[in-house]
Each structure stands twice: as structure tokens, then as C-alpha cells.
Amino acid sequence: MRVKVAVGLVIALVLFDQPVLAGVSQRSQIDRRVEALLSQMTLDEKIGQLHQLFYFTQFMKPESLEPDIRAGKIGSLLFLTDPALINRFQKVAVENSRLKIPLLFGFDVIHGFHTIFPVPLAMASSWDPALVEQAQSVAAREARAVGVHWTFAPMVDIARDPRWGRIVEGAGEDPFLGSRMAAAQVRGFQGADPSSPDHVLACMKHFAGYGAGDGGRDYDSAYIADAELYNVYLPPFKSAVDAGVGSAMSAYMDLNDVPATANAFLLRDVLRKQWGFKGFVVSDAEAVGNLVTHGFAEDKSDAAYRAFTAGVDLEMSFPGNPIASTYSSSLSKLIEEGRVTKAQLDEAVRRILEAKFKLGLFENPYVDESRVAAIHNNPEHRRLARVAAQRSTVLLRNEGNVLPLVKGDPKVSSVAVIGPLADSKRDIRGSWSFVDDIKSAVTVLEGIRAKVASSVKVEYAPGVDIARVYQSPFAIIQGSRAAPWTETQKRAEFDKAVSLARSSDVIVMVLGEQEEMSGEAASQSSIELPGQQLELLKAISSLGKPLVLVLINGRPLDISWAAGNLSAILEAWHPGSEGGNAVADILYGDATPGGKLPVTWPRSAAQIPIYYGHNLTQEPETRKNFTSRYWDIPSSPLYPFGYGLSYTTFSFSNLRVSKPEIKVGENTEVLVDVENTGRRAGEEVAQLYIHQRYGSASRPVRELKGFERITLAAGQKRTVRFTLGKPELTYWSGAVKEWVQEPAVFDLWVGADATAPLTTTLRVVKR
Ligand code: BGC
């Protein structure tokens, strides 16, 4: 027997590679250190570890927090990005507090830190998880350089309502694409070892269902049936957990009448029991105190009790807010009363300490301020940001191959760049860009000027001014905008833009949204182009000149008029620091567009919610006499999910399955030939969709289950393969109330978007 054990051990040592063993021993070492520390902590020190506060350099003084840090009453700070200040606070914790426990510094590193990458919705449009991973690893390196250890990202909320401002922060409407983007971001942020000086701890948010708020209104209640929750809203979170995400943030809103921040079903049953999540949970800002506002908790103490016992480990608060810091004010009493046990408290503290050990903060609490500039100014970061922005653009329309424009075209001696966003450094970056060097952001105007020959006159006119009706709460940090134009100014600027267009050979109009028009607290009732942008577009388009519309925005907008009347539309989203260069690269053919929509694009807000993965139900829309579910407009979207053009053309053929019949639990391969049928190299995203024809519950008309972005030279042909098996064919049945894989016939499609016609079938039979 003993011999067998010994042989087993030797085999295990040989089979497991070193990192696995190192990982195991590192974990047990961390466990021992956590326990040793925990055994020395007072009740107040433990509660202190569960207390996180915002620090705003703009209006706070370090002295206001130092006494509490020294006393061990604060475990974490957020929103600090100045390395000197971070070191200053850390010194108080590490050198002056009794147990010398380092502080954990968190920040919203959403799509870059010093180098701003395209907004997450744009990054998802790249359908390129490897690129997304690379971008987030650059963001992590730049953030860690100043001492930020922890990012509140990725946001993996599924969003099917473009009125919701935060649609810009996620990967769109689809659980499969969303899951791939979630895992890629976690890998990028955390790397293999979050203690390395190049990585940070990731935080998946907002758990869960935040994207489904009523009316697309930010923070409003969400009502999501279990089947939709499991099949649509939760998969990206599960994918982040599987990728090893270190923390999770509870959402603000009520989910089915139970606030997400006190929702034991989400935080205990799903997150811990079903998924085995080992990291810690932080509340969203003031979400614990707000349990009273929800009409859920009786008072602050009850709020603390309900959030804590539901599974929120760390409370995020604004200092001085009357509803802030409920844990600090109530937990010791709750323990005294026996409503919260010491064991429960230890469990939460253990998770926070474990994260601090894993991040290597006890060994390296400080940041080397002398390294910051070199890391931030690494030209490789800007290069990657430019590639990311190129790959995130989606070509929506290109009638008569207006694009690419020809560099050095002898017929073109002047280009008019028009629109309120054409030369806005602030808006090219997108929301959650707080600490980059705004001056270094490249606008579309600048990108075009840098691209064309100096003999070509490139002139600019904003044409209209746009603004939110209600100011963004982030104006406190970002600063207010210039005063709106007077009526006289408006008329003069409009006319100036039209006459500039009239006297130019080519017109590039850059329209869309300011950065604060999407993001948090940026929901919108209409999705029309804000202000008088459409009037300007119509006036300029009536000149009959070559015209390209470039969109800078964070959500699908109502562009039905443009889609019906213009030849060329390029969706650039908020493309980041290098956005203007990337747009110019695409416009002039130095890069080829290959991005695809991660959302279904509605014709107007009246169609919302609209998403491709809906159920068929009653009469099919394709049957004679039933061409639309509305009588006034088609029920089809303006552009389908997965859609995007290229400067070349592709064909899909020879769709086949390696095994047309499989048993439940088995795999098959789906193969398709993709050919570049045009005359230049280009990129296509091959997308696999399935439909289960019958089962214990109705299934969506189509569901994405595989994709691959490929590059093909002109005339080149390649076979793309996907594996279909249990993970792809399983769903949560609202009838069975469980995950099921059912024997059934499946339709399969592979092609360039969610309406791909090329189809075959797969039969799944009983095991
Ligand atoms: C947002 C979170 C963010 C947090 C910290 C909240 O208002 O909902 O997404 O991480 O603030 O900035």
C-alpha cells in the first residue's frame, strides 16, 4: 500500500509541471500567513479590512484619512492614481499601523490607464480575444506602475438595451461573445501571477443583471426570469470565474425585488456554491447603505447585516456620506448581538488578506515612482492602441466602394472634416478616461492631417454643438464643457460647415456622442444623433459630394436616415488615444476594417429591446402575410448582430459536420471553407450559430457558439473548424429548472453575421 502511495506521488510529481506544484505550495503558504495574521487581529482591525473608501485628490486632504489608516480602520482605498500619494498612504499602513497590513488600492481601469484603448464595446467589436487580452495587460502594467493593484473591470453585464448608458462598458448582447471577452480580460489583467509588477487583480462586475434595468434607465430594477438569467446574463460571469477572476462587485439594482448587494441567491448559491468562486466580493459604491433607499433594509445596521450575511465582503463608500461605512459602524455590534458570527467575519477578512498576499503587497507594498514615466511612455503601448482601434472599427456601409479613399488622388486637393466630434480629444477617448494625457489623444482631424500629403488642404468645422440636457455626475472630475452656443453662433457655425463642405472635394463627417453621453449615469430615452447633427448631415449630404460618415459613440444610434442615404458609414466607437490615427488608417486603406457588431443595431428606439437570440414563438416573420411583427416598420434590425463589411468580399461554402449524428455528451466538428473573393487582403469573422429545433423549452432562433477572426490574402481559401459538444449544446431549461442537454435536431449556420444563410443539421441522440 505504502509503495503504491509513493509511486503515485512520484508520478504526480512527474506529471504535474512545476508551476502547478509551486501554485499549491504558494497557496498553502499564503493560507498559513493569513491564519497567523488573523490570529493577531482585534475585532476592529478585522472590520477595518472590510472598509474601503474613495479618495479624490481634487477635494480631499491626505490628513483626513491618515489617522484611520494608522488605526487599521481602512483596508482599501480607491480612485487614487498618484504614485507619491499612494506610497504616502501605504507608508502609514505598513510602517505605522499595529499589524502593518498594506492597503489595497483600486481604480476603474476600464479600457486603458495612461494609454487609452477603444471602449469595451468597441474592443468586443474586434471579435479578437487575444487582442483584448493584450490590451488589458498593457492597461494592467500602466496601472500597477503607479501602485494601483486592483481594477474594477471587466464589466461583463449583458446589455440588450442601447438606451442604457453602460452598454459601452461591456461586450454587448451575446452571452457567448461576452464570455470569451470576459475571460480574455481577466487573463490580461491578472496574467499568470498577479503579484508580478505588471499585473493587477481583476473584478468582474456588476453581479448580476444590471444591464436589464427597466426602460434602460441606469440603476433601475431588473426583472429577469431564471432561464434568462442562467442562459444569458450569468455566463460571462461564470467564464470570468473559470478564468480565475480574483474579485466580484455586487450590482446596484434590485434583481427580482432583492437588491443584488444583499442577494444571497446570487452571492452564495450561484457564486460560491454553484461556481466555487474563491475570491472576495466588493459592494458597488454605497450600495450597502443604499439598501435602505431601496426600501429593503430598515436602517444602516440592518443594511450592513443583510449585505454582509448575503456575501458582500468589502464595503465601498464615500467618506463623509451619511449612508457610508455601514460595516465600520455596525459590524461589531452585530457580532456582539450574535447576529453575525466571528467565524463569518473571519471568512470575509481571510479573503481580503489572501488577495493582499497574492498580490505580493506584504513583500512589495511600495511603488517605484522612478519607473512610471518609462512604463507609461512605452511606444509599444501606443502601437497596440492603434491596432486595437483599427480592429474595433465596423464598416457599416460602403456603396460603390467609396472607401478606402485614395491617398494622393489627383482629383482631391481638399478634405473637409466636419462635426462636433471631429477634433475633440476628450471624446475620442470615451468614458472612464481619467488619468491619461488628454493632449496626446489623436482626433480624427489630426489623424487625417497626418495621413494625407501636405499639398491636400484639410479643414475643419464643428457645424453644431451638442450637450447633455442633465449634466453628468462625472463633470466633478472631468470638468464642465464650454457654454452652449447662442442661436446666432449656431446659425453661423452651421452655415460655415456647409460652405466648407461645398468648397471641398471630399467630406468626412464625424458625428455621434460626447464621452459623457454614454457610460455610468448616461442613459438616454432616444437613440437619435444628439443635437442638430442629423440636420447638418442632411444639409451637407444634399451637396452631392463624396461623403463618409464616421461615428464616434458608445451605443448603437438611430442612423436609419444615414443608412438609407449615404454611401459610406464607418463605426469607430470611442476608439481611444490613437483613435484618430486608426480611423485615418482605415479611411485611406492602410488598414482594412474587419470588426463586427457585438449588438443588434435597431432602426430606432421603438424596437428596443431587440436582440438576435430571441425565440421564434407563433407565426414566423417570413411567412406570406406576416412580413413583420409591426405594421409600420420591419421587425428586423437595421444591421444584424455580427455584421460588418470589409474592403474585400468573402464567401462561405462547404459547410459540413465531421459526425452528423452524435450522442448526448459527445463532440462533433463543424467545418466550413472561407474564401477571400475580392482583390485585396482582408479579415473575416467566421461565426457559428445553432438552433435546437425542439426540447423541454423553446430555444432562441439562433445562438452564437463559435467564432474565429481570420486573415485571408486575395483569392486565399481556408477551412475553419469549430467544436460543438456538451458545453455548447447545454442550456438551462425553464421547464426542468436545471441544465440539460437534450436529444434533438439542431440547425447549424456558419457565415459572416447572425443572418448567415449557409446551413446544415446535426442530430443529437440519447446516450
Ligand atoms: C460604478 C462601478 C465603479 C465604482 C467605482 C460605481 O459608481 O457603478 O462600476 O467600479 O463606481 O468607481
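Atoms within each ligand, like the ligands themselves, are counted from 1 in listed order.
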Of F56, F318, F474, which is the lone residue that meets ring-ring contact (aromatic ring centres under 6.0 Å, His included) with F79?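 Running ring-ring contact (aromatic ring centres under 6.0 Å, His included) over F56, F318, F474 with F79 returns exactly one hit, F56.
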
Provide the number and element of each atom of ligand 1 under 4.0 Å from a heavy atom of [X].
X    : value
H206 : 2 (C), 8 (O), 9 (O)
L78  : 5 (C)
K205 : 2 (C), 3 (C), 9 (O), 10 (O)
F79  : 12 (O)

Side-chain contact, heavy-atom cut-off 4.5 Å: D218 with E520?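 With C-beta onward as the side chain, the pair touches.
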
NZ of K73: more than 12 outside heavy atoms within 6.0 angstrom? no

Residue K425 excluded, over 12 heavy atoms near NZ under 6.0 Å: yes

Partners passing salt bridge (charged side-chain N to carboxylate O under 4.0 Å, His left out) against D437 (at least two apart in sequence or in another chain):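 Partners of D437 under the salt bridge (charged side-chain N to carboxylate O under 4.0 Å, His left out) test: K439.
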
Those residues that, when tested against E298, pass salt bridge (charged side-chain N to carboxylate O under 4.0 Å, His left out) (two or more places apart):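 Not a single residue meets the salt bridge (charged side-chain N to carboxylate O under 4.0 Å, His left out) criterion with E298.
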
Can you tell me the protein heavy atom closest to atom 7 (O) of ligand 1 and the distance?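 Looking only at protein heavy atoms, the one closest to atom 7 (O) of ligand 1 is Y252 OH, 2.7 Å.
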
For atom 6 (C) of ligand 1, what is the closest protein heavy atom, and at what distance to 0.1 Å?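 Closest protein heavy atom to atom 6 (C) of ligand 1: D284 OD1, 2.9 Å.
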
Does any N/O atom on [X] come nearer than 3.5 Å to any N/O atom on ligand 1?
X    : value
E520 : yes
D108 : yes
R166 : yes

For H149 together with F105, are the ring centres under 6.0 Å from each other?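 Yes.
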
Heavy-atom distances under 4.0 Å decide this one: backbone, side chain, both or neither, for M249 against ligand 1?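 Near ligand 1, M249 shows its side chain, while the N, CA, C and O stay back.
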
